[in-house]
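Read the structure below first, then the notes.
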Amino acid sequence: MSEKVSESPLQHEYEKQKRKEEMKQQVITFALMIIFTIIAFAMVTSGLDKLFVIPILLVLAAVQVAFQLYYFMHMSHKGHELPAMMFYGGAFAAFLTILALAALVWW
């Protein structure tokens, strides 16, 4: 059986501080996402002009997707470079597909 390697008190304190900082970032991000959702809901229900509301909703949605990826899916951590590259490659391919289909429909 393998024995657990004991951590030094300094290493333990460092890990504890690191986890605390990460949890703080996640709570702040979660609060921001709730605020963005409330703003989007308020804009839609207020009856503002569609040409004003739709671009702002798209920006808020993009920011929320970025928050989800970087903070809740841990894409910003070391060791997640390959999944991040695969995701960005897929997003780029989807963007090109939508662009091509829009060009075909528009033409």
Side-chain angles (χ1 to χ4, degrees):
M1 292 215 168
S2 64
E3 296 179 22
K4 185 177 178 183
V5 178
S6 63
E7 293 181 351
S8 68
L10 228 50
Q11 179 70 20
H12 179 70
E13 227 14 77
Y14 172 75
E15 291 293 327
K16 187 177 175 183
Q17 184 66 27
K18 187 175 164 184
R19 287 188 191 113
K20 183 179 178 183
E21 226 13 75
E22 186 174 335
M23 182 60 76
K24 180 181 167 185
Q25 287 178 344
Q26 287 184 349
V27 168
I28 290 170
T29 302
F30 183 68
L32 283 173
M33 289 191 329
I34 289 173
I35 291 169
F36 288 163
T37 302
I38 291 170
I39 290 171
F41 183 74
M43 288 178 67
V44 169
T45 58
S46 69
L48 294 172
D49 186 27
K50 286 183 183 180
L51 293 176
F52 175 71
V53 172
I54 291 174
I56 293 175
L57 290 179
L58 291 174
V59 168
L60 289 175
V63 169
Q64 286 187 345
V65 166
F67 281 165
Q68 285 284 335
L69 288 173
Y70 281 102
Y71 291 106
F72 295 119
M73 302 294 284
H74 306 289
M75 295 286 268
S76 62
H77 291 167
K78 289 183 180 179
H80 292 178
E81 291 83 16
L82 182 62
M85 183 184 70
M86 298 294 273
F87 175 79
Y88 295 133
F92 182 68
F95 173 73
L96 286 180
T97 302
I98 292 169
L99 188 66
L101 290 174
L104 286 174
V105 168
W106 190 269
W107 209 318

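This structure is a prediction, so every number in the text was calculated from the model and none was measured. Along the sequence shown, residues carry numbers from 1.
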Legend entry - Value rounded to 0.5 Å, distance of OH in Tyr14 from OG in Ser8: 12.5 Å
Legend entry - Straight-line distance of Lys16 NZ to Lys20 NZ, nearest 0.5 Å: 8.0 Å
Inset, instruction - Answer with yes or no whether the hydrophobic clustering places Ile34 together with Ile39; edges join I, L, V, M, F, W, Y residues whose side-chain heavy atoms lie under 4.5 Å apart. - result: yes
Inset, instruction - Would you please test Phe30 and Phe67 for side chain to side chain contact (heavy atoms under 4.5 Å, CB included) and show each step? - result: CA-CA 8 Å; Phe30 183 68; Phe67 281 165; over 6 Å; no
Inset, instruction - Kindly give the cluster partners of Met23, where membership spreads through any ILVMFWY side chain lying under 4.5 Å from a current member. - result: Val27
Inset, instruction - With side chain to side chain contact (heavy atoms under 4.5 Å, CB included) as the test, would you mind laying out the steps for Ile54 and Leu58 before giving the verdict? - result: CA-CA 6 Å; Ile54 291 174; Leu58 291 174; 4.2 Å; yes
Inset, instruction - Determine the sole option in Asp49, Leu48, Val53 for which the side-chain contact (heavy atoms from CB on, under 4.5 Å) test with Leu51 is passed. - result: Asp49
Inset, instruction - Can you measure from CG (Leu60) to CG (Leu32) and round to the nearest 0.5 angstrom? - result: 11.0 Å
Inset, instruction - Give a yes or no on whether Ile38 and Val63 share a hydrophobic cluster (residues Ile, Leu, Val, Met, Phe, Trp, Tyr; joining criterion: side-chain heavy atoms under 4.5 Å apart). - result: yes
Inset, instruction - Apply side-chain contact (heavy atoms from CB on, under 4.5 Å) to Ala84 and list each qualifying residue two or more places apart in sequence or on a separate chain. - result: Met75, Tyr88
Legend entry - Option passing side-chain hydrogen bond (donor to acceptor under 3.5 Å, both in side chains) with Glu15 (candidates His12, Gln11, Gln17): Gln11
Inset, instruction - Please examine the side chains of Val44 and Leu57, heavy atoms only from C-beta on, and report whether any two atoms are closer than 4.5 Å. - result: yes
Legend entry - Within one Ile-Leu-Val-Met-Phe-Trp-Tyr cluster: Val65 and Phe92, side-chain cutoff 4.5 Å: no
Legend entry - Least distance between heavy atoms, Gln64 atom then Thr37 atom: NE2-OG1, 3.1 Å
Legend entry - Shared hydrophobic cluster for Ile28 and Phe36 (ILVMFWY, side-chain gaps under 4.5 Å): yes
